[in-house]
Amino acid sequence: MTKVLILSGGSQGIGFACAKRFMAEGYQIVNLSRRPIDLDGVTQLCVDMQKRDWLDNCIDAITAVAAGADQLVLLHNAARHDGDTVKNLSAENFADVLQVNLVAPQQLNNLLIPLMKPGSAILYMGSTLSEKAVSGCASYIASKHGVVGLMRATTQDLVGLGIHTACICPGFTDTAMLRGNIGDDPAVMAAITGMVSYGRLIDPSEIVETLYFCSQNPVINGSVLHANLGQIES
């Protein structure tokens, strides 16, 4: 049985950990990102999903791998996270964020769904902010809410095809992106971990195990799974 994982944004963080996990389970890995993934055996396609025509130069390479898959897992992981508000978010910047976070996943869906056999899966990477909001990241919040809607539409539109889907929404995960955003301030770290019932950051491997489970179990079809260690609501 030929198993393939096609993921976006696999060069670091949760995406990189996913590539390693699925490879250990015998999957061929295709990574779509601007930066190459440092993992032997992965097919790397360097793309910039901010461009509307990003697929044009890699359609043949993607479909060649996908067409031979008995089980294809498509993981929409790449995302752009800007600091903005509805008071200063320009139409141009909003469109750029939506292109990466929402349009590019649908471009991949459109290409790959016709090649997906029963037992395949489409997984969307959401966020705690897929179903709530805070100040200062309007475009990200709006796009991640849209990801939940796209996942739910996927569930309804693929009825009877044997392809399942879910949106996994991580909480505060210990990645380079998070630490780059919060810096080394112990007070900031304490504030973040103080919002979680377990009092710590999530290890990327915990999200990976959740993603792998979802890829193998159609019972979760259409689900929004909040993987956040139990955030404390104020």
Side-chain angles (χ1 to χ4, degrees), residues 5-22 29 31-33 37 49 73-83 97 100-102 104-105 108 121-152 154 164-183 188-217 220-234:
L5 170 69
I6 296 178
L7 80 155
S8 60
S11 62
Q12 63 180 357
I14 293 171
F16 181 79
C18 275
K20 291 178 65 177
R21 177 69 172 89
F22 278 76
I29 312 296
N31 177 52
L32 308 169
S33 63
I37 185 171
M49 290 183 172
V73 176
L74 174 57
L75 173 55
H76 299 303
N77 174 66
R80 174 170 164 172
H81 190 317
D82 289 7
V97 172
V100 176
N101 295 3
L102 201 52
L108 278 172
I122 301 174
L123 303 180
Y124 295 86
M125 188 68 76
S127 165
T128 297
L129 297 176
S130 287
E131 294 191 317
K132 64 185 294 183
V134 296
S135 63
C137 48
S139 61
Y140 182 78
I141 290 167
S143 64
K144 287 300 183 179
H145 274 63
V147 166
V148 170
L150 184 58
M151 183 280 295
R152 288 174 169 154
T154 302
H164 67 276
T165 185
C167 182
I168 296 83
C169 299
F172 297 112
T173 306
D174 193 358
T175 63
M177 178 181 291
L178 176 69
R179 290 190 176 271
N181 287 333
I182 67 176
V188 175
M189 180 64 73
I192 288 176
T193 56
M195 296 169 62
V196 179
S197 65
Y198 271 64
R200 64 173 176 84
L201 296 178
I202 301 162
D203 190 275
S205 66
E206 294 176 293
I207 303 301
V208 170
E209 290 304 317
T210 304
L211 287 161
Y212 185 75
F213 171 84
C214 289
S215 74
Q216 306 300 308
N217 289 277
I220 51 81
N221 190 27
S223 296
V224 179
L225 287 82
H226 286 277
N228 58 29
L229 287 175
Q231 291 198 353
I232 300 170
E233 301 294 339
S234 59

For Asp203, all residues meeting salt bridge (Lys or Arg N to Asp or Glu O under 4.0 Å), sequence neighbours excluded: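 Partners of Asp203 under the salt bridge (Lys or Arg N to Asp or Glu O under 4.0 Å) test: none.
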Asp174 side chain near Arg200 side chain, heavy-atom distance below 4.5 Å: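 Answer no - side chains too far apart.
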pair Pro170-Glu206: side-chain heavy atoms closer than 4.5 Å: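 The answer is no; the side chains never approach within 4.5 Å.
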Test item: [X] side-chain N/O and [Y] main-chain N/O as donor-acceptor pair under 3.5 Å:
X: Ser33; Y: Gly10; result: no
X: Ser8; Y: Ala78; result: yes
X: Thr173; Y: Ile202; result: no
X: Lys132; Y: Ile141; result: no
X: His76; Y: Asn101; result: no

For Leu211, the option from Leu5, Val73, Leu123 that meets side chain to side chain contact (heavy atoms under 4.5 Å, CB included):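 Answer to the side chain to side chain contact (heavy atoms under 4.5 Å, CB included) test with Leu211 among Leu5, Val73, Leu123: Leu123.
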On a heavy-atom basis, which atom in [X] and which in [Y] lie closest, and how many Å separate them?
X: Asp82; Y: Ser139; answer: CB-OG, 4.1 Å
X: Asn77; Y: Gly15; answer: ND2-CA, 3.5 Å
X: Tyr124; Y: Ile122; answer: CE1-CG2, 3.7 Å
X: Ser197; Y: Ile232; answer: N-CG1, 3.9 Å
X: Met49; Y: Leu32; answer: CE-CB, 3.9 Å
X: Thr175; Y: Pro204; answer: CG2-CG, 4.3 Å

Stepwise side-chain contact (heavy atoms from CB on, under 4.5 Å) test for Ile6 and Leu75: CA-CA 6 Å; Ile6 296 178; Leu75 173 55; over 6 Å; no
Kindly list each side-chain donor-acceptor pair under 3.5 angstrom involving residues 222-231, sequence neighbours excluded, with atom names and distances?
{"from": "Ser223", "atom 1": "OG", "to": "Ile220", "atom 2": "O", "distance (Å)": "2.8"}
{"from": "His226", "atom 1": "NE2", "to": "Glu131", "atom 2": "OE1", "distance (Å)": "2.8"}
{"from": "Asn228", "atom 1": "OD1", "to": "Gly230", "atom 2": "N", "distance (Å)": "2.9"}
{"from": "Asn228", "atom 1": "OD1", "to": "Gln231", "atom 2": "N", "distance (Å)": "3.4"}
{"from": "Gln231", "atom 1": "NE2", "to": "Thr128", "atom 2": "OG1", "distance (Å)": "3.4"}

Phe172 vs Thr193, side-chain contact (heavy atoms from CB on, under 4.5 Å): CA-CA, chis, key distance, verdict: CA-CA 8 Å; Phe172 297 112; Thr193 56; over 6 Å; no
Mutual orientation of the aromatic rings belonging to Phe22 and Tyr212 [parallel < 30°, tilted 30-60°, perpendicular > 60°]: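 Phe22 and Tyr212: perpendicular rings.
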Point-to-point distance, once rounded to the nearest 0.5 Å, from CD1 of Ile14 to CD1 of Ile168: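 Here the interatomic distance stands at 10.5 Å.
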OG on Ser215 to CZ on Arg21, rounded to 0.5 Å: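 It comes to 8.5 Å.
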Qualifying residues under ring-ring contact (aromatic ring centres under 6.0 Å, His included), relative to His164, sequence neighbours excluded: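 Residues passing ring-ring contact (aromatic ring centres under 6.0 Å, His included) with His164: none at all.
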